[in-house]
A.B. asks: 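Here it is, the structure in full.
Convention: sequence-line order gives letters A, B, ...; per-chain numbering from 1.
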There are 2 protein chains.
Amino acid sequence: MSDRPYHHGNLRAALLAQAERTVRERGVQDLSLRELAREVGVSHGAPRRHFPDRQALLDALAEAGFERLGTELRSAFDRAGDDFEARLRSTAAAYVRFATRDAALLELMFAGKHRERSLQEAAERAFSVILELIEQGQAEGALEAGEADRVGLVLFATVQGIAALVTSGMVSAERLDELVADATTHFLRGSRTAA
Amino acid sequence: MSDRPYHHGNLRAALLAQAERTVRERGVQDLSLRELAREVGVSHGAPRRHFPDRQALLDALAEAGFERLGTELRSAFDRAGDDFEARLRSTAAAYVRFATRDAALLELMFAGKHRERSLQEAAERAFSVILELIEQGQAEGALEAGEADRVGLVLFATVQGIAALVTSGMVSAERLDELVADATTHFLRGSRTAA
DNA sequence: CAACAATGTAGACTATGACAACAATGGTGT
DNA sequence: ACACCATTGTTGTCATAGTCTACATTGTTG
């Protein structure tokens, strides 16, 4: 019923795209290789040529996720001008936006992070913006000195935690912005080197 | 091969106990009802009498998890004496301990939270300690005034985020205590009503 | 002690992931 | 041009899982 040529042409990309949609709409546990193949219009064995097993597809999905997250963080950072606090708020908001919009994907990104080396690297690239941010803050004296990653981790953890609370439904989505703003203010006050 | 009576006696509890172990050791996605039944020594259909489907078992698991978490938080709170900061640090540490030791279970607890009403209540009971804590802090002036849940959420989010970072392997487990201490200090500095 | 509810068993059905053998296609070197 | 071969899809099979239904055993209660 289709005049699709024997070779799909870019099956791998098509599978990933469809998988990302399914994950967003119905979660990771509902993602089936066979259903994916059906939706894309290939036989149930075809995906195997591109992903040895289900986990490999999930890993690829996670890697693409880090790619996109990195882009969005960078964009938010750049868009905010030179002011440190503005950049901080913009970047934090961007992270939370991603985390709540693609909660299942983020979960995947965090979960898969143990295994693949390429994932490690993708994650580090995505988070490099945060490190830059912290370094600027320290240079301007808005943040206490010290290892940038140590200070950054506390900020990162807070933002990540807020996203988790909203995602889990423990906090309503409407309170997201308020909460992020609170946390950022908190962070800035708590980080300023004691007067 | 067994003289086990036809009726197990407390199948439900046995299933939950075994399930909790499996989840801790191999994660949620590896939990199989049939395998569970085998391990407990009943037929593959037996669990159905106690849990209509797989999700029901997971919900029960989550509820038990909240029960235990609540107990551990309460215990940490009580053990710490009357001092606010001591209580704060003790409780935060207890939460992170639970979250990293039973990461998969916590994930379950967060994920299932949408659906069941009994879960909602179990969660609220477990987290009531945190609210108490915040209220004490505000009464003593260590924390800024305002809605207790709003302030508490920022703290909670941070602790939760730290646990997530460690669980995901983005931060090594050795840095856990250091990070929690940092975050707590941060939180206290950031929360004190501006001098 | 006779019904009846609760609990466990056995078998069937469908779906999935993984694997292997086979088919079609596209590119490459001569 | 064409034979060869790597790539990519297809088809069939297997083991396992979740769920459902019919049936068996046991405990309880009037």
A.B. asks: If you take atom types as modelled and just measure distance, does the side chain of A:R49 reach the base of D:dG9 with a donor-acceptor pair under 3.5 Å?
C.D. replies: yes
A.B. asks: Within this structure, what is the CG-to-C1' distance between A:L58 and C:dG17, rounded to whole angstrom?
C.D. replies: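 Rounded to whole Å, this separation is 12 Å.
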A.B. asks: In whole Å, what is the span from the CD atom of B:Q55 to the C1' atom of D:dA17?
C.D. replies: 16 Å
A.B. asks: Can you tell me the distance, in whole Å, between the CZ atom of A:R26 and the P atom of C:dA15?
C.D. replies: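 In whole Å, C:dA15 P and A:R26 CZ are 14 Å from each other.
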A.B. asks: Mind calculating the distance between CZ (A:R48) and C1' (D:dT8) to the nearest angstrom?
C.D. replies: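 Interatomic distance, CZ of A:R48 to C1' of D:dT8: 14 Å.
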A.B. asks: Can you find a pair of side-chain heavy atoms, one from A:E39 and one from A:T22, that are under 4.5 Å apart?
C.D. replies: yes
A.B. asks: Between A:E35 and B:P47, who's closer to the 5' end of DNA chain C by nearest nucleotide?
C.D. replies: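 Here B:P47 is the residue nearer the 5' end.
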A.B. asks: Using a heavy-atom cut-off of under 4.0 Å over every strand shown, decide if A:H50 touches base, sugar-phosphate, or nothing.
C.D. replies: sugar-phosphate
A.B. asks: Whole angstroms only, please: what is the CG-C1' distance between B:N10 and D:dG27?
C.D. replies: 16 Å
A.B. asks: Roughly, in whole Å, what's the span from CZ in B:R54 to C1' in C:dT16?
C.D. replies: 13 Å
A.B. asks: For the residue pair B:Y95 and B:F156, does the interplanar ring angle fall in the parallel (under 30°), tilted (30 to 60°) or perpendicular (over 60°) class?
C.D. replies: perpendicular
A.B. asks: Identify the heavy atoms of A:G146 and A:Q138 that sit nearest to each other, and give their distance.
C.D. replies: O-NE2, 2.9 Å
A.B. asks: Using a heavy-atom cut-off of 4.0 Å across all strands, would you classify A:L31 as base, sugar-phosphate, or nothing?
C.D. replies: sugar-phosphate
A.B. asks: Measure from the side-chain heavy atoms of A:L33 and tell me the nearest of C:dT9, C:dA18, D:dT10.
C.D. replies: C:dA18
A.B. asks: Given that both distances must come in under 3.5 Å, which nucleotide forms a Watson-Crick or G-U wobble pair with D:dT29?
C.D. replies: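 Paired with C:dA2.
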A.B. asks: How many whole angstroms separate atom CG of A:D30 from atom P of C:dT16?
C.D. replies: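 Nearest whole value for this atom pair: 10 Å.
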A.B. asks: Please state whether the phosphate of C:dT16, meaning OP1 or OP2, lies under 4.0 angstrom from any side-chain nitrogen or oxygen of A:R38.
C.D. replies: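 So the side-chain polar atoms of A:R38 do come within 4.0 Å of the phosphate oxygens OP1 or OP2 of C:dT16, strictly under.
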A.B. asks: Does a side-chain N or O from B:S32 land closer than 4.0 Å to OP1 or OP2 of D:dA17, or not?
C.D. replies: yes
A.B. asks: Tell me: CD of B:Q29 to P of C:dG17, nearest whole Å?
C.D. replies: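 Rounded to the whole Å, the gap is 14 Å.
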A.B. asks: Taking for each residue the nucleotide of DNA chain D bearing the nearest heavy atom, is the 5' side occupied by B:G45 or by A:H44?
C.D. replies: A:H44
A.B. asks: Can you see which heavy atom on B:T91 is nearest to which on B:A76, and at what distance?
C.D. replies: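 So the minimum-distance heavy-atom pair works out to CA-CB, 4.2 Å.
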A.B. asks: For A:R34, answer base if it contacts any base atom (sugar-phosphate contacts may also be present), sugar-phosphate if it contacts only those atoms, and nothing otherwise; contact means non-hydrogen atoms under 4.0 Å.
C.D. replies: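 Contact class for A:R34: base.
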A.B. asks: What's the spacing between A:L73 CG and A:R97 CZ if we round to 0.5 Å?
C.D. replies: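 The CZ atom of A:R97 is 10.0 Å from CG of A:L73, to the nearest 0.5 Å.
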